[in-house]
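Report on the following structure.
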Amino acid sequence: MTSYTVINPATAEPVTEVHLASLEETDALVERAHAAFPAWRAMAPGERAALLRRFASVVDAHIEELAEIEVRNAGHTWGNATWEAGNVRDCLNYYSATPERLFGRQIPVPGGIDVTFHEPLGVVGIIVPWNFPMPIMAWGMAPALAAGNTVVLKPAELTPLTAIRIGELALEAGLPEGVLTVIPGKGSVVGERFVTHPLVRKVAFTGSTAVGKRIMAGCAEQVKRCTLELGGKSANVIFADADLAKAAASAPYAVFDNAGQDCCARSRILVERPAYDEFLGLLETAVKNMAVLDPQDRSSEMGPLISAQQREVVQGYLEGVDVAFTGSAPDGNGFWVPPTVVLAESTDQPVWREEVFGPVVAVLPFDDEAEAVAMANDTEYGLSGSIFTGDVGRALRVARGIEAGNLSVNSNSAVRYWTPFGGFKQSGLGRELGPDAPNAFTEEKNVFIADGS
Ligand code: NAD
């Protein structure tokens, strides 16, 4: 039997042991999910909706407990962890409206009528990364269940605890056995089995672009549906006519939130040259004021990195670069890196091009709008980004010009469960969240009914 020791990243102390499922155990649980599918699919829409609302209520009653688990397991701040648990509840409530609104269309055709149906797929496999265990679980699980699928879900090795607890809460809420099954395990065992198992009809993967490419290639063998939510290297573009104080005050949270371990992190800041010095001065004050503290302290705004290995990766990006200034970080055994602002020397530097996935942001000036758009797009990724300007026409032009799935103007907000979320280019395939998300967990079928003419 293999198990994994969960570590508290703020202290490097062990938290608990988690059993990692074997291939045989995974197969048995996929078969159980397959067996649960016909009854879940056949359940009256109102009844399935009521169960999802009850699941949301049970999660709501455990927000504090789930947040406490995430603070210990992932080093998230209390503020973030509480929001994340609430996001699970909100997604379940939002998609609980789906079963009663899973409409088809009627299309008049010669000789009769054609009606369409959205049919659930069967067993859906959801693979979750370690950076936002609860929300990303919910973004796949809630619409997939609502559309009538059963779900097998693999949390990341490093952060399985909230997913395990949410799986228990689903049973407590009355979801039948096998409708939602959380399977902690290795990517190379459980994750790969979701890809190769013929009874898993879709894989919804969130994680690195490297693993995403492998999943896509594996799914091709069975023409298996897959959606991929992958990495990012997003730009925060600041024009000289922007409210610079506002842009600088929010920029640290746009990249250092969750210690920079955020696919939407605005880890490149592009500043129009006339505003460059003033913006950097304001940014320095904002970064130095960030409360980087043990996340057990409820006033902490940034916690540690997830692991010693991740800290090593991040520190690697800081070798030989021009660090303009840093914020603070606690001493101690946790996996700490202070928020760090780097003056990039060129757009070829790894710190400018690659997803650091840590509290590091690189800054470069630009001279005009066309150059800003070209620089923002000079990346293999296209997930997110922000534009700060006082000119609404420019905001629209630049937003249309940047090749990314989720942009904000005069704001760094990235994700709302009621608007679609997903990447361009190597940031992924497909859209999660928003009103259409359940359709990604169905097939559209048309049925022709002859009128006898
Ligand atoms: P990862 O790719 O290493 O792992 C993600 C998940 O895939 C884990 O559960 C892992 O166990 C599993 N896995 C690993 N190898 C596998 C394999 N061969 N087959 C099947 N499953 C396998 O990513 P990570 O380090 O956990 O997460 C960080 C990455 O996730 C970053 O690149 C980040 O940008 C990305 N991310 C993207 C989004 C988005 O919505 N676009 C959101 C969050 C994170």
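First listed ligand is number 1; within each ligand, the first listed atom is number 1.
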Is [X] touching ligand 1 with its side chain, its backbone, both, or neither, if touching means heavy atoms under 4.0 Å apart?
{"X": "L230", "result": "backbone"}
{"X": "I215", "result": "side chain"}
{"X": "F421", "result": "side chain"}
{"X": "F194", "result": "neither"}
{"X": "V195", "result": "neither"}

Nitrogen or oxygen atoms of [X] and ligand 1 under 3.5 Å apart:
{"X": "E192", "result": "yes"}
{"X": "E355", "result": "yes"}
{"X": "V211", "result": "no"}
{"X": "E432", "result": "no"}
{"X": "I127", "result": "no"}
{"X": "T206", "result": "no"}
{"X": "S188", "result": "no"}

Below 4.0 angstrom from a heavy atom of [X], which ligand 1 atoms are there? Numbered from 1 as shown, please.
{"X": "G187", "answer": "11 (O), 12 (C), 13 (N), 14 (C), 15 (N), 16 (C), 17 (C), 19 (N), 20 (C), 21 (N), 22 (C)"}
{"X": "C263", "answer": "33 (C), 34 (O), 36 (N), 37 (C), 38 (C), 39 (C), 40 (O), 41 (N), 42 (C), 43 (C), 44 (C)"}
{"X": "W130", "answer": "24 (P), 25 (O), 26 (O)"}
{"X": "A156", "answer": "9 (O)"}
{"X": "V128", "answer": "6 (C), 8 (C), 9 (O)"}
{"X": "E157", "answer": "10 (C), 11 (O)"}
{"X": "N131", "answer": "43 (C), 44 (C)"}

Exercise. For atom 35 (C) of ligand 1, grab the closest protein heavy atom and report residue, atom and distance to one decimal in Å.
Key: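 For this ligand atom, the closest protein heavy atom is G207 O, 3.1 Å.
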Practice problem: Write out the residue and atom name of the closest protein heavy atom to atom 27 (O) of ligand 1, then the distance separating them to 0.1 Å. | Solution: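 Ranking protein heavy atoms by distance from atom 27 (O) of ligand 1, first comes P129 CB, 3.3 Å.
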Quiz prompt | Test applied, side chain to side chain contact (heavy atoms under 4.5 Å, CB included); reference residue, R72; option that passes from T16, T11, N8, V6 | solution =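 One option only clears the test, and that one is N8.
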Quiz item: Pick from T326, V361, V292: which one makes a side chain to side chain contact (heavy atoms under 4.5 Å, CB included) with P339?
Solution: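 With P339 as partner, T326, V361, V292 yield a single side chain to side chain contact (heavy atoms under 4.5 Å, CB included), made by V292.
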Quiz item: Looking at the rings of F239 and F366, which for Trp means the six-membered one, are their centres under 6.0 Å apart?
Solution: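 Yes, they do, as the ring centres are separated by less than 6.0 Å.
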Practice problem: Using protein heavy atoms only, decide if any is under 4.0 Å from atom 18 (N) of ligand 1. | Solution: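 It does: a protein heavy atom is found less than 4.0 Å away from atom 18 (N) of ligand 1.
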Exercise. Report yes if some heavy atom in the side chain of N87 is under 4.5 Å from a heavy atom in the side chain of F132; otherwise report no.
Key: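 No, too far: nothing below the 4.5 Å cut-off.
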Exercise. Check whether any side-chain heavy atom of W352 lies under 4.5 Å from a side-chain heavy atom of V342, and answer yes or no.
Key: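 Side chain of W352 against side chain of V342, heavy atoms only: no contact under 4.5 Å found.
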Exercise. Go through the steps to decide whether E380 and R353 satisfy the test salt bridge (Lys or Arg N to Asp or Glu O under 4.0 Å), and finish with yes or no.
Key: CA-CA 9 Å; E380 68 198 21; R353 299 213 76 80; over 6 Å; no
Quiz item: With respect to R165, which candidate in E68, E70, E65 satisfies the salt bridge (Lys or Arg N to Asp or Glu O under 4.0 Å) definition?
Solution: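 By the salt bridge (Lys or Arg N to Asp or Glu O under 4.0 Å) criterion, R165 pairs with just one of E68, E70, E65: E65.
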